[in-house]
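All chains are named by letter (A, B, ...) in the order of the sequence lines, taking the proteins before the strands, and each is independently numbered beginning at 1.
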Amino acid sequence: MSSSIIDELKKSQILELLEQGKRIDGRALDETRELIIETNAIPKANGSARVRLGDSEVVCGVKIQPDRPFPDMGDKGIFICTAELLPLSHPSVETGPPGPDVIELARVVDRGIRESHMIDLSQLVIKKDKSVVGVFADNVVSDYDGNLFDACAYAATAAILSSKTPKWELNDDIPTLVEGQESDVPITTIPVSVTMGKIGNHIIVDPNADEWDVMDARITITTDSDGNICASQKGGNDGFSMDEIVRCGEISIMIGSKIREKLKQVKEGN
Amino acid sequence: MSSSIIDELKKSQILELLEQGKRIDGRALDETRELIIETNAIPKANGSARVRLGDSEVVCGVKIQPDRPFPDMGDKGIFICTAELLPLSHPSVETGPPGPDVIELARVVDRGIRESHMIDLSQLVIKKDKSVVGVFADNVVSDYDGNLFDACAYAATAAILSSKTPKWELNDDIPTLVEGQESDVPITTIPVSVTMGKIGNHIIVDPNADEWDVMDARITITTDSDGNICASQKGGNDGFSMDEIVRCGEISIMIGSKIREKLKQVKEGN
Amino acid sequence: MSSSIIDELKKSQILELLEQGKRIDGRALDETRELIIETNAIPKANGSARVRLGDSEVVCGVKIQPDRPFPDMGDKGIFICTAELLPLSHPSVETGPPGPDVIELARVVDRGIRESHMIDLSQLVIKKDKSVVGVFADNVVSDYDGNLFDACAYAATAAILSSKTPKWELNDDIPTLVEGQESDVPITTIPVSVTMGKIGNHIIVDPNADEWDVMDARITITTDSDGNICASQKGGNDGFSMDEIVRCGEISIMIGSKIREKLKQVKEGN
Amino acid sequence: MGGRESELVLLDENGIRCDGRKVDEPRRIMIKAGGLKNADGSAYIEFGDNKILVGVFGPRDVHPKHMSNTDTGILRVRYHMEPFSVSERKNPAPSRREIEISKVIKEALQPAVILDKFPRTAVDVFIEVLQADGGTRCAALSAASVALADAGIPMRDMVAACAAGKVADTVVLDVNNEEDQAGQADMPIGYMPNLKKITLLQLDGVLTPEEYKKCIETGIIGCKIVYDLQKKALHDKYFGSGGEQ
Amino acid sequence: MGGRESELVLLDENGIRCDGRKVDEPRRIMIKAGGLKNADGSAYIEFGDNKILVGVFGPRDVHPKHMSNTDTGILRVRYHMEPFSVSERKNPAPSRREIEISKVIKEALQPAVILDKFPRTAVDVFIEVLQADGGTRCAALSAASVALADAGIPMRDMVAACAAGKVADTVVLDVNNEEDQAGQADMPIGYMPNLKKITLLQLDGVLTPEEYKKCIETGIIGCKIVYDLQKKALHDKYFGSGGEQ
Amino acid sequence: MGGRESELVLLDENGIRCDGRKVDEPRRIMIKAGGLKNADGSAYIEFGDNKILVGVFGPRDVHPKHMSNTDTGILRVRYHMEPFSVSERKNPAPSRREIEISKVIKEALQPAVILDKFPRTAVDVFIEVLQADGGTRCAALSAASVALADAGIPMRDMVAACAAGKVADTVVLDVNNEEDQAGQADMPIGYMPNLKKITLLQLDGVLTPEEYKKCIETGIIGCKIVYDLQKKALHDKYFGSGGEQ
């Protein structure tokens, strides 16, 4: 998504503004873009959300279905979260198997939710070692404008919060749906991912596409409802000082608690 | 299979002839090429046929073997029909995964037979929900001269008509062959596919390779033994008028009944 | 691994030396390079070896684990041997699915061991038709200097000879490890592969990378502890006379018995 | 004769279908032109419970170059279903069905677009099925036409699409998912209303020659209903919305 | 010592094998040159119950270009089995076995073809196994030689192929499928009769040094039988058939 | 709060961990520079029971060319596990995990290498995990730095790596495999000691803000221990070994 000379000019401009404490779209350095969450966008799924973070747009659909447990994990349900960039989201996106960027995106979003223990997977067992409930949260990006880590994380979290899980029983070793027994997915905490970029010596929150193209490094930090840090991933071709990393942790807790209020409304509206 | 200038010249010539009611190989517009059907070409298969339609040649082998039923289809056997262009069939054919043209070919041939309900799949159940009989009809094209839709459809139909199915019983949940209990595959109707091309305002039946390269659009219509229409697929980069589509339906019934007589001989010879 | 003009010059030089009965690295025509075998290179595997043959280096790790038997082979354990060229082994190696050369390498190494019946697979059955023991010997080439057929074969053989197999019992149809019951893998013979190259009219044993690049044809012959021949594979773009093939058989028995002594030490050291 | 058994009452004594529609009544249709920020043109359609997003890029350079045509621009279409769009979660790899539908839709759009002014380029149409409910290819084709127009691609006509079918021995308009599963025939049709050309036609299921003809006629009526909504969607975007959006 | 148990009588007291042959008798062999319309050269072989079709294209341009050689034409071979050619329906993706056999056959044909007059081109040999019955690689190699000759590719010699093997402790010619499964050793051989060169040799199974030598001698006798039938096939096509066709 | 149950005593009353180490003690580390004959640079590391080999090629031409950069050389990294490196035999196809780790390590090395003098070329780093024991990415990154230096690639600093983590409610250095499985958090860190920059940081598991800070501090201490061993390995190769090899 870059062409080097234009990127150089863009970077100079962005950096010059940052020296004056300003961002290219007028935000404060620690300010996220507008976040719009619409749940139940895919009514036939078990849960879903359409999220717009600035001009990045993601649809997440949750499918809940019986599955076999992983080996040695027979007392736990399954949670898998994916992310895909649809080719209509940006002219540079190519069809075909996902590249390293998209694989990293999907795995970071998955781990943020997984490591927070958001879903109590021990409650999603149909029969120990034989049959469990699988929760599959698939994100598709329909419009790209930078920072997809958070857009996908919010979409997946909102979709899970809006989900109802059916109930199954084992009949003759085959999981059979018990009609009319839907319940909420068991939730223990609400993880919030906050992605920050580093441009020069400046840390900015929720980089848009222009900022994303020119930033030196980035870090995504996920916090839980207790204000603890439960996942992190550094990316990009430069590094952070230790002080910067610690400050990013503080920012993620602060911003996370604001975003969490928005996500709680999803839960309450469910 | 084309080079645009030569194609333009070829198209002019073919169109000029059609204006005079003639085709490049001397056939009438609604005349198919010679059809030669040789069954039992692959004696070790459960059924087989080698079909030559003009200079297009197809070998179809049928393998019949126990399989698991599709979910929610536990009271039906399985039927799958494929088609593949062997690289020796034409210099332009490439090895590797099939392209959209070949995928469409295979799926149209499969649907023509499937939607006619030619094989009574309800008779191909070993044990409901557990084990059924699968009929796999694999077409390989060994020489290409246009219209493969019909060549493959006739090869598959003839191969199925010539097939004998073994019998299996479930022993300890494992399907076990019952020796010496072969029977005909249960047949309810004989589907016949007829493919027509549109060049200018002319509808021609069974286009050869030269006609195939220059035609504007095509339609394949399959009819059953009752003279009903059971499948259709329009292709190509232009459209048909409603009158043309209706006329193509009539042609397919007329031609279909002639071809069906040839296929019946396979059945009777079986 | 070649550039044609340099190869031509190299070939002239090698051939000139051979006319004088000499090889480019000073060896006799029927002399192998130094063979160093270090077992237990991967202590967490069930068996392993690091082998250096001249400057070719291979690590083989053996994993032994329960598996399902092959159909109609319910009274035999499973043996699979693979080979892979790591990209760090030579600048010309590419990542991605293996090409025909590497596939042939793996299959020839596998067959040499398999056809010798080195491992008594009938002793690797947990429960007939239900569960057997699988022995997987995976070779990775970490440095390339010609003749990998023998380097991989020796690594795999040494790794198998050094292996201990755990014991499993079926509990509720699930193979369960019986603690503290390790035993040797049941060995019936020690196969030795000997690869020879043909350059002009000369047969050389264990070609190094320079010889490999320019040789006209090659043959790999595997012999067992009884001095019988149990597998062979000719390769390369030229042929052998019948006398040459017979002589290669004799060489492989002679060289094989020397190498076998080295491999027996592994067994005895186990 | 091709019918499949079902406990569902597909057509009651009053001629009302399982979802309350009359035999000649399409499902609820909502088409919106535009909506995506990065695509050159886009459209969104809800057709019954189908929800489909289409984005168009181009004319733009072709990679790899040997795929391009020195005489004309080329049209490329990808029809793709999201993992969550169907009842059983779909494997993300493109299925043979998706590849075939991509080709059928491409050939249905081809007669409508005028690309000879754009040699060596491609126009890419990306169709994303967010929720599927029977008849996705017709809904997708209808939305793709609107997205192409929204991208400013020169066009001879719109392609409007709707299926007809046979349910309870009766020819009906716009077969839904239950009717397709339990019914006797489904015939998706794509149609250029001004040029009066059928550019997509498929049929699965058994029809008498009379029913075959009636299906085509019925389908074309549906296409004309869709065509009016396509025009309205473009009008709403470019000349302001006067009504439902 | 490598033998496998079997209820099958592989060799009876009169020296007759399970399919009625003598130890030095090949299966029925029928070779036909030509037959395909689009290929530049072709051949069809029936070797026992093996049925194999071979088509040759070239010399022709190489794609992608960086695969070509500026000094000489290159030979490419694909050995491929149809899904219905074996008892259990075969997955259509090329197996590792097919890739290896393709390479082995290519290297067996290479010494016979003269391609240095055709730099930057490729000769493609496509082998299609319609029905398999043990010994496909020998039958395929024999047919491929005929197809190359039929395509007019300059050749130093034909490559004829036949297997020898060890069955019931006896060296026999042309091991069939049952003998291969139950037997002790199988040694496919490819041979150029005029240049007296072995260009294909594989061995699976245990042989004493004496048996090893005898197998090679026996296989070469089989190759000479095949060679006569190869010549006859080409003669029949180009100079008219005088006998069985 | 994120902790997982275990019968294993992760930390005993004397502050001793399950493998006998103290909380601030790394596992046994052995680094060797060089060793491979064909690679331009190489290194081998044993880090606890991890055994990892790294080979570097380049700067060299890039294929395909459109992947190259006219302004600078590019760095490419492949992290790969052998089938026998983990307890359950690993499928040889690259997993999504391996692809992600390759990217993370590449981005951790990028700030250290100076490639602008080598436009249009690539430096390839191939990491082969022979035996895995928890913390492979840190061990691999540390060895990759040494291999790059051994290949003569200009560097601003070494990247040294070590993990910190939380086990039994205590922040510890260098989490091993058992501790990772049963423990509460694992934070791999890559660090350039002279430039004082963290170039790799991941975290799985729950930490309070205080523990988060302590983990970073602890990890950096580990990185400095590794850094001394990296320097020693290079010194041993280029100026002779004075001690353990």
Heavy-atom distances under 4.5 Å only: say whether [X] touches chain A with side chain, backbone, both or neither.
{"X": "F/Lys103", "answer": "side chain"}
{"X": "F/Leu200", "answer": "backbone"}
{"X": "F/Asn69", "answer": "neither"}

Engaged part of [X] at the chain F interface, taking heavy atoms whose separation is under 4.5 Å:
{"X": "A/Pro71", "answer": "neither"}
{"X": "A/Ile253", "answer": "side chain"}
{"X": "A/Asp101", "answer": "both"}

| said: As an exercise: rank F/Asp71, F/Val104, F/Leu195, F/Leu203 by heavy-atom pairs under 4.5 Å with chain A and give me the winner. | reply: F/Leu203
Against chain F, work out which of [options] has the most heavy-atom pairs shorter than 4.5 Å and name it.
{"options": "A/Gly112, A/Gly236, A/Ser241", "answer": "A/Gly236"}
{"options": "A/Glu244, A/Arg107, A/Arg114", "answer": "A/Arg107"}
{"options": "A/Ile245, A/Val246, A/Thr223, A/Thr188", "answer": "A/Ile245"}

Once you round to the nearest 0.5 Å, how far does [atom1] of [X] lie from [atom2] of [Y]?
{"X": "F/Leu201", "Y": "A/Met242", "atom1": "CG", "atom2": "CE", "answer": "11.0 Å"}
{"X": "F/Tyr212", "Y": "A/Asn228", "atom1": "OH", "atom2": "CG", "answer": "13.0 Å"}
{"X": "F/Gln202", "Y": "A/Thr220", "atom1": "CD", "atom2": "OG1", "answer": "11.0 Å"}
{"X": "A/Gln233", "Y": "F/Glu107", "atom1": "CD", "atom2": "CD", "answer": "8.5 Å"}
{"X": "A/Asn237", "Y": "F/Leu109", "atom1": "CG", "atom2": "CG", "answer": "10.5 Å"}
{"X": "A/Asp72", "Y": "F/Gln181", "atom1": "CG", "atom2": "CD", "answer": "10.0 Å"}

| Neighbours of chain A found in residues 213-221 of chain F - heavy atoms under 4.5 Å | F/Lys213, F/Ile216, F/Glu217, F/Ile220
| Contacts with chain A made by residues 73-99 of chain F (heavy-atom distance under 4.5 Å), listed by residue number | F/Arg96, F/Arg97, F/Ile99
| task | Assess whether side-chain contact (heavy atoms from CB on, under 4.5 Å) is satisfied between F/Glu100 and A/Val108, documenting all intermediate values. | result | CA-CA 9 Å; F/Glu100 187 201 354; A/Val108 169; 4.2 Å; yes
| remark: Sorted by chain and residue number, the salt bridge (charged side-chain N to carboxylate O under 4.0 Å, His left out) partners of A/Lys128 (sequence neighbours excluded) come out as none
| request: State which residues pass salt bridge (charged side-chain N to carboxylate O under 4.0 Å, His left out) with F/Asp174; sequence neighbours excluded, sorted by chain then number. | output: F/Arg21, F/Arg27
| If you look at every heavy atom in F/Pro111 and A/Asp238, which pair is closest and at what distance? | CG-CA, 3.7 Å
| field | Residues, nucleotides or ligands: over 12 heavy atoms within 6.0 Å of A/Asn201 CG | value | no
